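Let me begin by presenting the structure, written as structure tokens, before commenting on it.
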Amino acid sequence: MTGLPPKYDFRTAEPVIQEGWSSSGVYHFDPNHPGEAYLVDTPPPTVSGRIHVGHVFSYTQADVMIRYHRMRGRNVFYPFGFDDNGLPTEVFTENNRGVRARDVGRQAFIEACLGLSHEVEAQFERFWKRLGLSVDWRLRYSTIDPRSRRVSQAAFLQLHETGAAYRQEAPTLWCTSCRTGVAQAEIDDKEGVPSQFTTIPFGLDDGGELSIATTRPELLAACVAVFVNPGDDRFRHLVGSFATTPIFGARVPVLADAQADPNKGTGAVMCCTFGDVTDVGWWRNHQLPLKVVITPDGRMNSMAGQYEGLTLAQARARILDDLGAAGLVRAQRPIEHVVGVHERCGTAIEYLLAGQWFIRLLDRKDTWIEAGRRMRWHPDHMRARYESWIEGLNWDWNITRQRYYGVTFPVWYCRSCAHVVTATREMLPVDPQDTPPPVDACPGCGASEPGWHVADPDVMDTWATSSLSPQICATLAEPFGVDATTFESRFRPMSLRPNAHDIIRTWDFYTIVRSIYLTGDIPWTDVLISGHALDPAGKKISKSKLKAAEDPTAMLEQFSADAVRYWATSVRTGGDTALSEEVFRNGSRLVTKLWNAVRFASGFLEGYAPPRTTPIEHLNATDRWMLARLAETTTRATESLDLYEFAAARIEVERLFWTDLCDNYLELVKARLYEGDAPGAKYVLHHVLLAVTKLLAPYLSHVTEAVYLGAFAGVDGRDSIHVAAWPEPDPAWSDGATASIAAGNAILEVVEAVRRWKSERKLSVAAPLASIVVECPSPLDEALRVAMTDLRGVTRASAIEIRTVAAGPVTVTDIQA
RNA sequence: GGGCACGUAGCUCAGUUGGUUAGAGCGCUACCUUGACAUGGUAGAGGUCCGGGGUUCGAGUCCCUGCGUGCCCA
């Protein structure tokens, strides 16, 4: 062991340490490693702006677990991806570059997106390195790079061949602002939206009227039926008759269906194609006609007659006016209700008919739930989120987006018969817009005239590619001589999927679905769910209103990467946490304390080589207690980490380090260290400090590296603490542990009693004492006598008398200054 | 409306299978510059463990119920 410099300055130290990791390749995956592998399917962050503290929170927690497994000797595969296409990237590019996709043209827009993505990804990578993520940066991917496009298109073709992906002209969740179909997972519930619940009369053939209540009068022109509950006596006689819509005069059937709620409105409800998901179900089950009255950009079409061209909101106002003017408003009251909105833009979701590609979800719900149960979720209750999402699914997964920038569908359609022509595997990745299909004539109808085919004009949902991250990861070792097939056969399933709880319903769910379809196997064995970082007041941090206090880069500069990592792992697994300067400072303090403790010890351990076997003959009661506590703490911390309880593990280690080691053990052994050879104290000091440094290495990855390289590497023998062996207690340390702990507590009783006595008299703890008398039952009295040098040193008493008593607690009965 | 969390010291939280006197950090009070560290140390004050009921020799912990907060889904 050699000495450490007096001060540890993270501002100069952290960049040097990080550079060392880069140049030594300490985090490199070794495909030929014979041992157990640990493969991480890291979340590729959406490249749509700045780094968010939520990223820091989640990625650090995963990194701590990964570092732990690396030190346990696992062959870690830790890639890093970027999700940089699709609607989020488009919106980001449009805002950042001031361009509109539909104005500049598809190709120019794609280039703008790519250029911006590359810039932002470089920034992100620099940031992750500064935070100290132990990523193998050779394994970097983007979901739009050619390799990912090839994987994505190949997966699409495979699902198409098995029927799991199908194309259908079907009612589709639609955003009129983004002008694209969307998936159920992209819809947020917006609560408390004010609206009017208006009761309007439909005419009956006998001249009477049947009133219905609606919040969507603008869809009146799309009404195709009126529904009542089959058990509702008020309307039973009308079932099978017809009603006529006001204004438009359409004659529609009155039908019975259990989904009509007799307690809502008048009990009769109009069915429009389409106002909501219930309408879609009725349309299907009762085989109703189709009347689509709105355009893809949210205006009324010619079916809406005099209202054509108006926006939905304008049409609603005009129709209500017209109904009122005609005396056709029977009742109206303001309500607040929940509206499904597009998560990207907040626009209310509509239901349109469109030709879209879907992946089957609804007919295999049990399969998805069962797959989730084959994985370990940390914390376990997060599995409930996954299952409740699946149980509530109403739609297959629409993967078609009427957008510009994304992975294209490798298909063409025959203009004559609409036959789907797919690309061959050798063509991938392919853009059907600028590449002809692999056949000269339509396999369906034989059409072969010039222009017989048309390329699919759309792109895939981003999740359709990012849900393939395990399959993309399998291609990342190709440059090192391991092809994807070999990789998958050796390393499937992967070990860990870490992500925040808000994307369980998307990324986790879709990835499990794709993995089952493509491989029949679960994608990973463990899922680590993180909570959210909240602002200092405990409120949600909105992405658009980041304050300076929430800037992750500023945090690193002010408090150090280690302090930020400390903060991010100070919460129970899966919990939310508020930003707190106090916790950052606690992290900084721990960094300083560790440095000082090791530096102090290193003065005595210069050139010390610990014996292979525990030198029991040199250990006194203080030493045995310290070793027993070390063994106990190491075991507990390891058990907690095996359960992904990183915060619980660290609390154990901190208690051992700060209280037992620094406050007590170091003070107890100082006399022996200064006075003589002290082989027992040196043995314990070496092991407990090395072990604590290692136990903290996953969290405080920088200062522990500096301490290790400066003080321990020579003896421990590795080039980095992060590939050093995880501490394993010598069984001898735990021999008679119960007695050792009891003896240690007896020693601490004496220490604390003397400290209390001095404190009450406002004396320094270093104030000398003439004598003290300790009353102590057997066999603890023997332990105290063996630790006499330590007790004299820490109490500064010239004479200590140990009186053996029959029973009772250890007490200090007489203190003479 | 259903589900899942959470509710413990002024604040942020820990309390494993029910078991002595309920813990930590910060803050607060008093003191100590002690031969690693003042980004430190010592001592101290501070709690009807959200309310109610139950099981038990014994409940912060298990069960029921009510209240409050947050999230997910209708």
Side-chain angles (χ1 to χ4, degrees), chain A residues 3-4 6-8 10 184-185 187-189 191 261 276-278 337-338 340 379-394 500-505 529 531-532 534 536-540 559-560 563 566-567 570-572 574-604 636 639-640 643 645 647-652 654-655 658-659 661-664 666-667 669-671 673-675 685 689 751-768 793-796:
Chain A
L4 298 176
K7 290 278 179 199
Y8 174 75
F10 76 85
Q184 188 178 344
I187 297 173
D188 284 337
D189 287 342
E191 301 197 356
D261 181 354
D276 59 23
V277 68
T278 312
H337 62 164
V338 180
D380 187 64
H381 68 80
M382 286 295 178
R383 189 202 318 269
R385 296 270 181 105
Y386 174 77
E387 296 189 359
S388 78
W389 173 253
I390 292 168
E391 284 158 4
L393 273 175
N394 293 316
H501 61 65
D502 58 344
I503 52 174
I504 291 173
R505 69 180 188 180
I529 301 295
H532 279 167
L534 308 172
K539 303 283 182 209
K540 205 170 184 172
F559 295 104
S560 81
Y566 181 94
W567 162 77
S570 294
V571 62
R572 72 177 184 283
D576 294 342
T577 198
L579 276 170
S580 161
E581 284 215 11
E582 176 194 319
V583 179
F584 287 125
R585 274 197 294 272
N586 289 344
S588 302
R589 272 194 276 265
L590 184 59
V591 167
T592 305
K593 189 82 173 174
L594 179 68
W595 181 265
N596 286 324
V598 175
R599 192 169 62 88
F600 165 70
S602 67
F604 299 99
R636 284 186 193 161
E639 284 169 357
S640 290
L643 297 172
E645 292 289 349
R650 202 193 65 203
I651 285 168
E652 289 284 343
E654 283 186 272
R655 188 192 311 280
W658 208 292
T659 304
L661 176 59
C662 291
D663 292 348
N664 293 318
L666 284 181
E667 297 301 330
V669 297
K670 272 179 181 172
L673 289 170
Y674 282 114
E675 282 168 18
L685 215 46
L689 275 169
V751 172
E752 284 164 16
V754 171
R755 283 172 176 167
R756 202 175 304 124
W757 189 89
K758 289 180 180 176
S759 179
E760 282 162 1
R761 284 154 187 79
K762 302 190 192 301
L763 294 171
S764 160
V765 286
V794 76
T795 60
R796 308 289 169 116

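Protein chains get the first letters and strands the later ones, always in sequence-line order, with residue 1 at the start of each. Values in this document were obtained by computation on a predicted structure and should not be read as measured data.
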Distances under 3.5 Å between protein N/O atoms and the N/O atoms of nucleotides 19-22 of chain B, please, pair by pair.
none

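- By the ring pair (Phe, Tyr, Trp, His ring centres under 6.0 Å) test, A:F600 is found to be paired with A:F604, residues two or more places apart in sequence or in another chain being considered.
- Pairing of B:rG27, defined by two Watson-Crick or G-U wobble distances under 3.5 Å, is not identified with any nucleotide.
- Going from atom CD of A:E639 over to atom P of B:rU16 covers 15 Å, rounded to whole Å.
- Nucleotides B:rC57 and B:rC72 have their P atoms positioned 44 Å apart, rounded to a whole Å.
- For B:rG41, one of the phosphate oxygens OP1 or OP2 lies less than 4.0 angstrom from a side-chain nitrogen or oxygen of A:W658.
- Nucleic acid contact for A:S580: none, since no nucleic acid atom lies under 4.0 Å from a heavy atom of the residue.
- Using a 4.0 Å heavy-atom distance criterion, A:W567 is classed as making no nucleic acid contact.
- Taking every side-chain heavy atom of A:R505 into account, B:rC72 is the closest of B:rC37, B:rC72, B:rA14.
- Using a 4.0 Å heavy-atom distance criterion, A:Q184 is classed as a sugar-phosphate-only contact.
- For the atom pair CG (A:N586) and NZ (A:K593), the distance works out to 13.0 Å, reported to the nearest 0.5 Å.
- With hydrogens and angles disregarded, no donor-acceptor distance shorter than 3.5 Å links the side chain of A:R599 to the backbone of A:L4.
- A:E760 has its CD atom 9 Å from the C1' atom of B:rG44, to the nearest Å.
- For the pair A:E752 CD and B:rU42 P, the computed distance is 9 Å after rounding to whole Å.
- In this structure, A:R572 reaches the sugar-phosphate backbone alone: every heavy-atom distance under 4.0 Å involves primed, P, OP1 or OP2 atoms, never a base.
- Taking atom P on both nucleotides, B:rA30 is separated from B:rU12 by 25 Å, rounded to a whole Å.
- Both distances falling under 3.5 Å, in either a Watson-Crick or a G-U wobble arrangement, place B:rA5 opposite B:rU69.
- Here B:rC72 presents its C1' atom at 15 Å from CD1 of A:I503, a figure rounded to the nearest Å.
- Of the possible donor and acceptor atoms, none in the side chain of A:K758 sits under 3.5 Å from a partner among the backbone N and O of A:L763.
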Apply the test side chain to side chain contact (heavy atoms under 4.5 Å, CB included) to residues A:H501 and A:D576: give CA-CA distance (whole Å), side-chain angles for both, the deciding distance (0.1 Å), then the verdict.
CA-CA 10 Å; A:H501 61 65; A:D576 294 342; 3.9 Å; yes

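- One distance of note links OG1 of A:T577 with CG of A:L534; it measures 7.0 Å at 0.5 Å rounding.
- As rounded to whole Å, 15 Å separates atom C1' of B:rA36 from atom CG of A:N664.
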Stepwise side chain to side chain contact (heavy atoms under 4.5 Å, CB included) test for A:L590 and A:W658
CA-CA 9 Å; A:L590 184 59; A:W658 208 292; 3.8 Å; yes

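- A gap of 14 Å separates the P atoms of B:rU20 and B:rU61, to the nearest Å.
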Listing time: all N or O pairs from protein to nucleotides 27-29 of chain B that are below 3.5 Å?
none

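- For A:K670, the salt bridge (Lys or Arg N to Asp or Glu O under 4.0 Å) partners at least two apart in sequence or on another chain are A:E667.
- When heavy atoms are screened at a 4.0 angstrom cut-off, A:D663 is found touching the sugar-phosphate backbone but no base atom.
- Distance, A:I504 CD1 to B:rA5 P: 13 Å, rounded to whole Å.
- Rounded to whole Å, the distance from NZ on A:K593 to C1' on B:rA38 is 10 Å.
- With A:W567 contributing its side chain and A:E581 its backbone, the two residues share no donor-acceptor pair below 3.5 Å.
- In this structure A:R755 satisfies the salt bridge (Lys or Arg N to Asp or Glu O under 4.0 Å) test with no other residue, sequence neighbours excluded.
- Near RNA chain B, meaning a heavy atom under 4.0 Å from it, residues 380-391 of chain A has A:H381, A:R385, A:W389 in order of number.
- Checking B:rG25, B:rU42, B:rA36 against the side-chain heavy atoms of A:S759 singles out B:rU42 as nearest.
- When the C1' atom is compared between B:rU56 and B:rG68, the two are found 29 Å apart, to the nearest whole Å.
- A donor and an acceptor atom, one from each side chain of A:S640 and A:R650, are nowhere located under 3.5 Å apart.
- Of all nucleotides present, only B:rG54 satisfies the Watson-Crick or G-U wobble test against B:rC62, with each distance under 3.5 Å.
- When the nucleotides B:rC37, B:rA43, B:rG35 are ranked by their closest atom to the side chain of A:E667, B:rC37 comes out on top.
- Distances from the side chain of A:N586 to the nucleotides B:rC31, B:rG25, B:rG44 place B:rG25 closest.
- Taking the side chain of A:S764 as heavy atoms from C-beta on, and the options B:rC72, B:rG35, B:rC32, the nearest nucleotide is B:rC32.
- Rounded to the nearest Å, the gap between the P atom of B:rG46 and that of B:rG23 is 14 Å.
- In the set B:rA36, B:rA30, B:rA43, the nucleotide with an atom closest to the side chain of A:R756 is B:rA43.
- When Watson-Crick and G-U wobble pairs are counted only if both distances are under 3.5 Å, B:rU48 pairs with no nucleotide at all.
- Nucleotide B:rA14 is matched to nothing when pairs are restricted to Watson-Crick or G-U wobble geometry with both distances under 3.5 angstrom.
- Separating the CZ atom of A:R655 from the C1' atom of B:rA14 is a distance of 8 Å, rounded to the nearest angstrom.
- B:rA14 sits 24 Å from B:rG41 when the C1' atoms are compared, rounded to a whole Å.
- A:R655 CZ: 12 or fewer foreign heavy atoms inside a 6.0 Å radius.
- Taking the side chain as every heavy atom from C-beta outward, A:L689 and A:L661 approach each other to under 4.5 Å.
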Audit row: A:V794, A:N664, side chain to side chain contact (heavy atoms under 4.5 Å, CB included) steps and yes/no
CA-CA 9 Å; A:V794 76; A:N664 293 318; over 6 Å; no

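- Spacing between B:rA74 and B:rC11 at atom P, rounded to whole Å, works out to 36 Å.
- For A:R796 (side chain) and A:G793 (main-chain N/O), a donor-acceptor pair under 3.5 Å exists by modelled atom type.
- Residue-level contact check: A:K758 touches neither bases nor backbone, having no heavy atom under 4.0 Å from any strand.
- Taking CZ of A:R383 as the start and CD1 of A:I529 as the end, the distance is 11.0 Å to the nearest 0.5 Å.
- Listed nucleotides B:rG41, B:rA74, B:rU42 differ in distance to A:R755; the shortest reach to its side chain belongs to B:rU42.
- A close approach under 4.0 Å does not occur between any side-chain nitrogen or oxygen of A:K762 and OP1 or OP2 of B:rU42.
- Rounded to the nearest Å, the gap between the P atom of B:rU17 and that of B:rC6 is 13 Å.
- Of all nucleotides listed (B:rG35, B:rC72, B:rG44), B:rG35 comes nearest to the side chain of A:Y674.
- Using the Watson-Crick or G-U wobble rule with both distances under 3.5 Å, B:rU39 pairs with nothing in any strand shown.
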